[in-house]
Amino acid sequence: MATIDVPEQVSVLADAEALRKACKGWGTDEKAIISVLGHRNAVQRKQIRLAYEDLYQEDLIKRLESELSGDFEKAVYRWILDPADRDAVLANVAIKKLSPDHHVIVEISCTRSPEELLAVRRAYQARYKHSLEEDLLVSLVSAFRYDGEEINTRVANSEAKILHEAVKDKEFNHEEIIRILSTRSKMQLMATFNRYRDDHGTTITKNLEGDSGDEFLKTLRATIRCLNDPKKYFEKVLRNSIRRVGTDEDALTRVIVTRAEKDLKDIKELYYKRNSVSLDQAVAKDTSGDYKALLLTLLGKED
């Protein structure tokens, strides 16, 4: 379930005017920006951007970029983008890092629906004038998975054995592992992972624990966790982003912004069960200022 609190009735013209007022004169009214954008869903935010441009012949996103700074500016920018365009930006930033952040690509590839992932690929091409596949040659990005509920028990049994043999022989980049993880539906994969656990008394991710410096192995584990239980995966990303020495604002922002309209409420409940402290409290303790206020608003709790 989503965490953002959206009013039943919204005037996008009034919102556009309020944002214009917040950006005019001496100093920016960050609280006004949060009070509007922090309580609008993706469709409404797009309508506000269009209304703002129509009223003032100015790009709202560029105006906000010029008015804001730091982690707050980055969070507002991520939030106001269309979801597919946001994922395209997140993917490009992850790829262009000196050490590419493959976990971000895994998140996008494994937790979006086939239609959503197709929209991301289109947005990436429109924004960067070449394909996501050119920048990152992975089958996870290019596959169009079946998204239904049906499973084939025989296939699950067979592919659990294939996975076990490859893992046992430490052939982690075996073409069959790649084929199974990149083409099977999520429901089919869950059946396969369950069969693996039942047959061998442990989960496949436990058997994949090994060299912490092996980037491919870490990416493989993240892929399986994302496909098998995305809420558990995102809870761990949040936990690690807060518990590390120095907050990982990029990861914290990414998860809250991308899941606030989807399943962040469930992730919050799981976070509390695992850490005996609410995510709201953890975020409030580890962040500050307008950045903190925006994150708490998206979490459904005002600062």
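We number each residue from 1, following the sequence as shown. What you see is a predicted model, and the numbers here were worked out from it, not measured in a lab.
Listed here is the closest heavy atom pair of F172 and I177: O-CD1, 3.6 Å. Nearest heavy atom pair, residue W79 against residue V257, reads CZ3-O, 3.5 Å. Closest heavy-atom contact between I151 and M187: CG2-O, 3.5 Å. Taking all atoms of both residues into account, the shortest heavy-atom contact from I4 to V6 is CD1-CG2, 3.5 Å. In terms of heavy-atom proximity, L238 sits nearest to L252 at CD2-CD1, 3.8 Å. The heavy-atom pair separating A282 from I242 by the smallest distance is CB-CD1, 3.9 Å.
Checking side-chain atoms of S158 against main-chain N and O of V155 turns up no donor-acceptor pair under 3.5 Å. Checking side-chain atoms of T3 against main-chain N and O of L298 turns up a donor-acceptor pair under 3.5 Å. For the pair R145 (side chain) and K186 (backbone), a donor-acceptor distance under 3.5 Å is absent. Not a single donor-acceptor pair under 3.5 Å links the side chain of R78 to the backbone N or O of T253. Without hydrogens or angle criteria, R49 side chain to I80 main chain gives a donor-acceptor distance under 3.5 Å. Using a distance-only test at 3.5 Å, with no hydrogens or angles considered, no donor-acceptor pair links the side chain of N92 to the main chain of A88. A donor-acceptor pair under 3.5 Å links the side-chain atoms of R45 to the main chain of R40, judged by distance alone. Judged by distance alone, the side chain of Q57 and the main-chain N or O of D54 form a donor-acceptor pair under 3.5 Å. Under a 3.5 Å cut-off, the side chain of Q44 and the backbone N or O of N41 do form a donor-acceptor pair. Proximity of a side-chain donor or acceptor of E107 to a complementary backbone N or O of C226 within less than 3.5 Å is not detected.
No hydrogens or angles considered: nothing links the side chains of R154 and N157 as a donor-acceptor pair under 3.5 Å. R243 and N275 form a side-chain donor-acceptor contact under 3.5 Å, judged by distance and modelled atom types alone.
Put simply, the side chain of V237 does not reach to within 4.5 Å of the side chain of H103, judged on heavy atoms. Looking at N240 and D248, their side chains never come closer than 4.5 Å, going by heavy atoms from C-beta outward. In this structure the side chain of Q125 never reaches within 4.5 angstrom of the side chain of R122, judged on heavy atoms. A heavy-atom distance below 4.5 Å is not found between the side chains of T203 and Y196. Put simply, the side chain of F193 reaches to within 4.5 Å of the side chain of L163, judged on heavy atoms.
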- Quick one: do N228 and M190 satisfy side-chain contact (heavy atoms from CB on, under 4.5 Å)? Show the steps, please. CA-CA 6 Å; N228 194 42; M190 287 177 66; 3.7 Å; yes
- Task: Check the pair H102, K218 against side-chain contact (heavy atoms from CB on, under 4.5 Å), reporting the backbone distance first and the verdict last.
- Result: CA-CA 9 Å; H102 297 111; K218 288 195 294 185; over 6 Å; no
- Give the C-alpha distance, both sets of side-chain angles, the deciding distance and a yes or no for side-chain contact (heavy atoms from CB on, under 4.5 Å) between L90 and R254. CA-CA 8 Å; L90 290 171; R254 185 178 74 249; 3.9 Å; yes
- Check the pair L64, Y52 against side-chain contact (heavy atoms from CB on, under 4.5 Å), reporting the backbone distance first and the verdict last. CA-CA 12 Å; L64 290 172; Y52 187 94; over 6 Å; no
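For E235 and K273, the salt-bridge test fails: no basic side-chain N is under 4.0 Å from an acidic carboxylate O. Electrostatic pairing of K62 and E58 does not count as a salt bridge here, judged by no charged N lying under 4.0 Å from a carboxylate O. Salt bridge D199/K161: absent, no basic N to carboxylate O contact under 4.0 Å. Salt-bridge formation is detected for the pair K231/D266: a Lys NZ or Arg NE/NH1/NH2 atom is positioned less than 4.0 Å from an Asp or Glu carboxylate oxygen. Under the 4.0 Å criterion applied to side-chain N and carboxylate O atoms, E17 and R20 are not assigned as salt-bridge partners. A salt bridge between R195 and E159 is absent, with no side-chain N of the basic residue lying under 4.0 Å from a carboxylate O of the acidic one.
In this structure, CG in L81 is found 11.5 Å from NZ in K46, a value given to the nearest 0.5 Å. Of the inter-residue distances, the one linking L181 atom CG with I204 atom CD1 reads 7.0 Å to the nearest 0.5 angstrom. Rounding to the nearest 0.5 Å places CD1 of I224 at 13.0 Å from OH of Y233. To the nearest 0.5 angstrom, S69 atom OG is 8.0 Å from E30 atom CD. Atom OG1 of T111 sits about 8.0 Å away from atom CD of E116, to the nearest 0.5 Å. Atom-to-atom distance recorded for L19:CG and L37:CG is 5.0 Å, nearest 0.5 angstrom.
For S278, the side chain to side chain contact (heavy atoms under 4.5 Å, CB included) criterion is met by Y272, D280, Q281, not counting sequence neighbours. With sequence neighbours excluded, the residues that form a side chain to side chain contact (heavy atoms under 4.5 Å, CB included) with T183 are R179. D250 pairs by the side chain to side chain donor-acceptor pair (under 3.5 Å) definition with K74, not counting sequence neighbours.
The neighbour count for K21 NZ, taken as heavy atoms of other residues, nucleotides or ligands under 6.0 Å away, does not exceed 12.
Both V277 and V283 are members of a single hydrophobic cluster when ILVMFWY side chains are connected at heavy-atom separations under 4.5 Å. Under the 4.5 Å side-chain heavy-atom criterion for grouping Ile, Leu, Val, Met, Phe, Trp and Tyr, V93 is not connected to V120 through any hydrophobic cluster. Under the 4.5 Å side-chain heavy-atom criterion for ILVMFWY residues, a single connected hydrophobic cluster contains both F72 and V255. Hydrophobic clustering of Ile, Leu, Val, Met, Phe, Trp and Tyr side chains at less than 4.5 Å, counting indirect connections, keeps L227 apart from Y146. A single hydrophobic cluster is not seen to contain both L117 and V89; linkage of ILVMFWY side chains at heavy-atom distances under 4.5 Å, directly or through other members, places them apart.
In this pair, H130 and Y124 present their aromatic rings perpendicular. The plane angle is above 60°, beyond the 30 to 60° band.
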